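Okay, so here's the structure we're looking at.
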Number of protein chains: 4
Amino acid sequence: MPKRVDRTARQEEILAAAVKVFARKGFAASRIEDVAAEAGIAKGSVYLYFPSRDALLAGVFESYAAKSEPASADPGTGSALDRLDHLVRATVEMLAAHPDHARVLLDVWASNPPLDLADMYRRHRGAIADLLVEAAAAGELRTGIGAPHAAVIVGAIEGCLVQSLADPDVSLSELAEPILQVCVAGIRR
Amino acid sequence: MPKRVDRTARQEEILAAAVKVFARKGFAASRIEDVAAEAGIAKGSVYLYFPSRDALLAGVFESYAAKSEPASADPGTGSALDRLDHLVRATVEMLAAHPDHARVLLDVWASNPPLDLADMYRRHRGAIADLLVEAAAAGELRTGIGAPHAAVIVGAIEGCLVQSLADPDVSLSELAEPILQVCVAGIRR
Amino acid sequence: MPKRVDRTARQEEILAAAVKVFARKGFAASRIEDVAAEAGIAKGSVYLYFPSRDALLAGVFESYAAKSEPASADPGTGSALDRLDHLVRATVEMLAAHPDHARVLLDVWASNPPLDLADMYRRHRGAIADLLVEAAAAGELRTGIGAPHAAVIVGAIEGCLVQSLADPDVSLSELAEPILQVCVAGIRR
Amino acid sequence: MPKRVDRTARQEEILAAAVKVFARKGFAASRIEDVAAEAGIAKGSVYLYFPSRDALLAGVFESYAAKSEPASADPGTGSALDRLDHLVRATVEMLAAHPDHARVLLDVWASNPPLDLADMYRRHRGAIADLLVEAAAAGELRTGIGAPHAAVIVGAIEGCLVQSLADPDVSLSELAEPILQVCVAGIRR
DNA sequence: CATGAATGAGCTTTCATTCAT
DNA sequence: TATGAATGAAAGCTCATTCAT
């Protein structure tokens with residue numbers, strides 16, 4: 001019989017506040033007190049849910065990683081390339097819909113201790129590589145295109161995200177089509 | 001002819017030391033004293049060349065931006081697409097040759113005050129967009145491919161760089177060909 | 001007959017828990033929550049019985065002072081020196097039997113605000129001084145021995161206790177005889 | 001060519017300030033800033049000489065232990081018991097002359113992590129035990145008196161010190177004679 | 001120019017205490 | 001009574017920056 005809100009709900013409130021604050025001023029310049037204020041609680045209360053400032057960043061990263069988990073959960077229909085198209089589109093849309101989370105991802109780079117970005121990218125590449133291999137087997141791809149190109153596709157998405165975060169004139173949503181034209185249509189036989 | 005090294009030379013020694021240190025432990029965890037030690041000088045002396053810790057990061061960023069300044073300075077020869085191929089290749093090689101600088105670029109994201117990443121990306125996109133427009137005019141591109149796709153190409157390079165920095169198993173050099181196959185060969189008519 | 005245990009009984013349960021915890025890690029490093037956990041109750045409940053953390057230490061000290069209250073309550077039989085022998089022996093045994101309380105006594109020194117150790121020592125010296133005066137009057141003591149030597153006897157006991165607490169190789173029980181030989185036999189005419 | 005004062009001198013200034021402050025309000029209630037203020041320097045400067053607050057207490061303890069190192073360094077002259085008399089007297093005088101250090105010793109008990117009091121007592125007992133054994137061999141002691149009684153003598157001194165610290169009415173200096181009468185004269189054959 | 005001791009603002013973290021349930 | 005989530009004052013420690021030498 002918890003007092004009012006259960007641990008998980010309160011934890012997520014704090015995480016949501018942290019995402020906002022970190023996105024606004026960067027993790028390095030964000031104080032625990034800023035997060036607490038944004039969440040409408042006292043500084044010390046943050047520590048009832050997260051053991052340290054770093055854990056807060058890790059928490060945000062995890063929630064991001066979960067969100068960005070390939071929407072490929074959806075087995076999809078159609079050819080492998082169609083499903084690749086769908087996966088890329090879904091990923092871009094997800095990222096465009098959560099710019100704050102995406103912005104914090106960049107802070108994760110500077111995190112100390114380092115958080116496991118490698119694993120996240122590995123999973124993304126894996127999901128795409130699987131589709132590429134399948135498409136190649138079905139003869140849908142140009143000669144010479146295969147699993148190694150997954151990194152390029154993941155990179156194109158990530159790189160466009162970065163540009164959109166750095167430059168308000170660049171819209172990630174509007175880059176969805178160009179990405180697909182280059183990364184999907186461009187590799188088709 | 002002052003003491004032994006002139007102001008500029010000493011400044012660059014310090015910048016070189018800063019790149020090494022920042023790349024090793026991240027900007028956030030790097031102290032002025034670490035940089036001074038790496039440069040073999042005293043902490044206070046750093047301030048004779050840089051007004052603040054942030055200025056040091058800015059200096060490193062500027063030297064990176066200069067390096068990454070499109071090798072397009074070289075007007076090059078051949079068709080626009082050939083020159084695009086050359087530009088992408090040169091950029092990837094430059095990045096692969098300076099992993100420390102590249103690593104620090106990510107810290108620039110977390111910098112406070114923010115440094116002008118937008119401008120750097122803008123210039124990269126501009127150089128590539130020019131070639132795309134020229135190639136399109138020459139009828140070398142598939143229909144629908146043009147300036148907006150410059151962001152995708154820049155992104156693919158940047159995104160592959162990020163993956164290679166995050167994951168020692170990913171080699172940027174080895175991604176050069178896949179990038180070209182997708183981003184250059186893939187847009188050819 | 002309230003709930004299950006009356007106020008006093010519950011207070012003493014908490015005090016017993018406090019002694020254990022304080023003896024284990026020292027007062028300075030002991031948190032109210034540690035004491036509550038040891039007592040099997042919630043943190044906040046401690047405050048229903050003690051107004052503050054300091055009051056907890058004071059409570060432990062008082063219970064110690066009460067215990068160490070000269071067993072001289074027993075008027076005893078035999079000569080004054082025999083009764084002194086008995087008193088010293090009883091005191092040492094009491095201390096040896098309650099090492100936790102004794103350990104906490106040392107924390108009382110570091111307490112802020114200070115607790116009245118002076119009074120406790122005064123009472124100990126008083127009880128012993130009375131016996132010394134009586135013994136002197138009966139001609140049982142060497143010339144020059146009297147009330148001022150009570151501090152030495154109290155000190156010898158206290159000092160041996162301290163050594164036994166500091167060093168597991170020193171056993172207070174085994175020091176009982178040496179103390180008596182020096183402090184009682186040694187002052188006999 | 002140090003700036004103005006050498007490390008060691010400055011370290012001792014800080015230690016001296018620490019002793020004063022700790023003696024005045026107890027270690028637990030003493031803040032680093034209090035010590036710095038007493039030493040006339042800034043808070044942060046303390047950390048140039050001591051790595052932590054605990055190290056400050058350890059430093060004070062060490063300087064105390066050094067001071068209290070048996071004045072027995074003096075091989076002395078006369079019988080073993082004469083030398084014991086001299087040693088006890090010198091020890092008491094040293095303690096009486098440095099009440100601040102002695103007061104801090106009690107805080108050392110509450111220290112976390114614990115400092116090695118056991119070793120200090122061991123050395124004191126050892127010095128005295130040596131004299132007792134020598135005196136026994138020379139037939140100067142009552143039957144049954146020997147090395148184990150060293151703990152009683154050390155304890156008597158320590159215990160008297162404690163009483164004098166707790167109670168301004170008790171003077172350690174004035175207890176020197178009673179201690180000698182009980183602990184030295186009392187064990188003589 | 002070079003140095004590195006000194007400074008002190010500022011941050012993270014802890015925990016005694018309170019109080020709504 | 002009992003609870004434990006919430007609070008916020010307090011303190012240890014770090015480190016960018018300054019400046020006397």
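Naming convention: chains lettered A, B, ... in sequence-line order (proteins, then strands); numbering from 1 in each chain. Remember, it's a predicted structure, so these values are computed and weren't measured experimentally.
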> Please walk me through it: do Val104(D) and Asp100(D) pass side chain to side chain contact (heavy atoms under 4.5 Å, CB included)?
Replying inline: CA-CA 6 Å; Val104(D) 174; Asp100(D) 280 1; 5.7 Å; no

> salt bridge (Lys or Arg N to Asp or Glu O under 4.0 Å): which pairs involve residues 44-61 of chain A, sequence neighbours left out?
Replying inline: none

Between [atom2] on [N] and [atom1] on [X], what's the gap in Å once rounded to a whole number?
X        : N      : atom1 : atom2 : value
Ile14(D) : dT7(E) : CD1   : C1'   : 13 Å
Gln11(B) : dC1(E) : CD    : C1'   : 14 Å
Asp6(B)  : dA2(E) : CG    : P     : 12 Å

>> Using the salt bridge (charged side-chain N to carboxylate O under 4.0 Å, His left out) criterion, which residues pair with Glu12(D)? Sequence neighbours excluded.
In response: none

>> Under the rule for salt bridge (charged side-chain N to carboxylate O under 4.0 Å, His left out), what residues qualify as partners of Glu33(A), not counting sequence neighbours?
In response: none

> In what stems does DNA chain E take part, counting only runs of at least 3 consecutive Watson-Crick or G-U pairs whose two distances fall under 3.5 Å?
Replying inline: E:2-21 with F:2-21

For residues 18-28 of chain C, please give each side-chain donor-acceptor pair under 3.5 Å, one per line with the distance, not counting sequence neighbours.
| from | atom 1 | to | atom 2 | distance (Å) |
| --- | --- | --- | --- | --- |
| Arg24(C) | NH2 | Glu38(C) | OE1 | 2.7 |
| Lys25(C) | NZ | Asp34(C) | OD2 | 3.2 |

Return the set of residues passing side chain to side chain donor-acceptor pair (under 3.5 Å) with [X] (not counting sequence neighbours), or none when no residue passes.
X         : result
Glu13(A)  : Arg10(A)
Arg103(B) : Asp107(B)
Asp119(C) : Arg123(C)

> Which residues in residues 52-62 of chain D have at least one heavy atom lying under 4.0 Å from any atom of DNA chain F?
Replying inline: Ser52(D), Arg53(D)

>> Give the residues of residues 41-51 of chain D touching DNA chain E, defined as any heavy atom closer than 4.0 Å, sorted by residue number.
In response: Ile41(D), Ala42(D), Lys43(D), Gly44(D), Ser45(D), Leu48(D), Tyr49(D)

> When you measure from every atom of DNA chain E, which of residues 17-29 of chain B have a heavy atom less than 4.0 Å away?
Replying inline: none

>> Less than 4.0 angstrom between a side-chain N/O of Arg31(A) and OP1 or OP2 of dT12(E), yes or no?
In response: yes

>> Please confirm whether the shortest side-chain N or O distance from Arg10(A) to OP1 or OP2 of dA6(F) is below 4.0 Å.
In response: yes

> Does Tyr47(B) have any side-chain contact (heavy atoms from CB on, under 4.5 Å) partners at least two apart in sequence or in another chain, and if so, which?
Replying inline: Ile32(B)

> Should Phe61(B) and Leu57(B) be marked as a side chain to side chain contact (heavy atoms under 4.5 Å, CB included) after you check the CA-CA gap, both sets of side-chain angles, and the distance that decides it?
Replying inline: CA-CA 6 Å; Phe61(B) 173 55; Leu57(B) 183 61; 5.6 Å; no

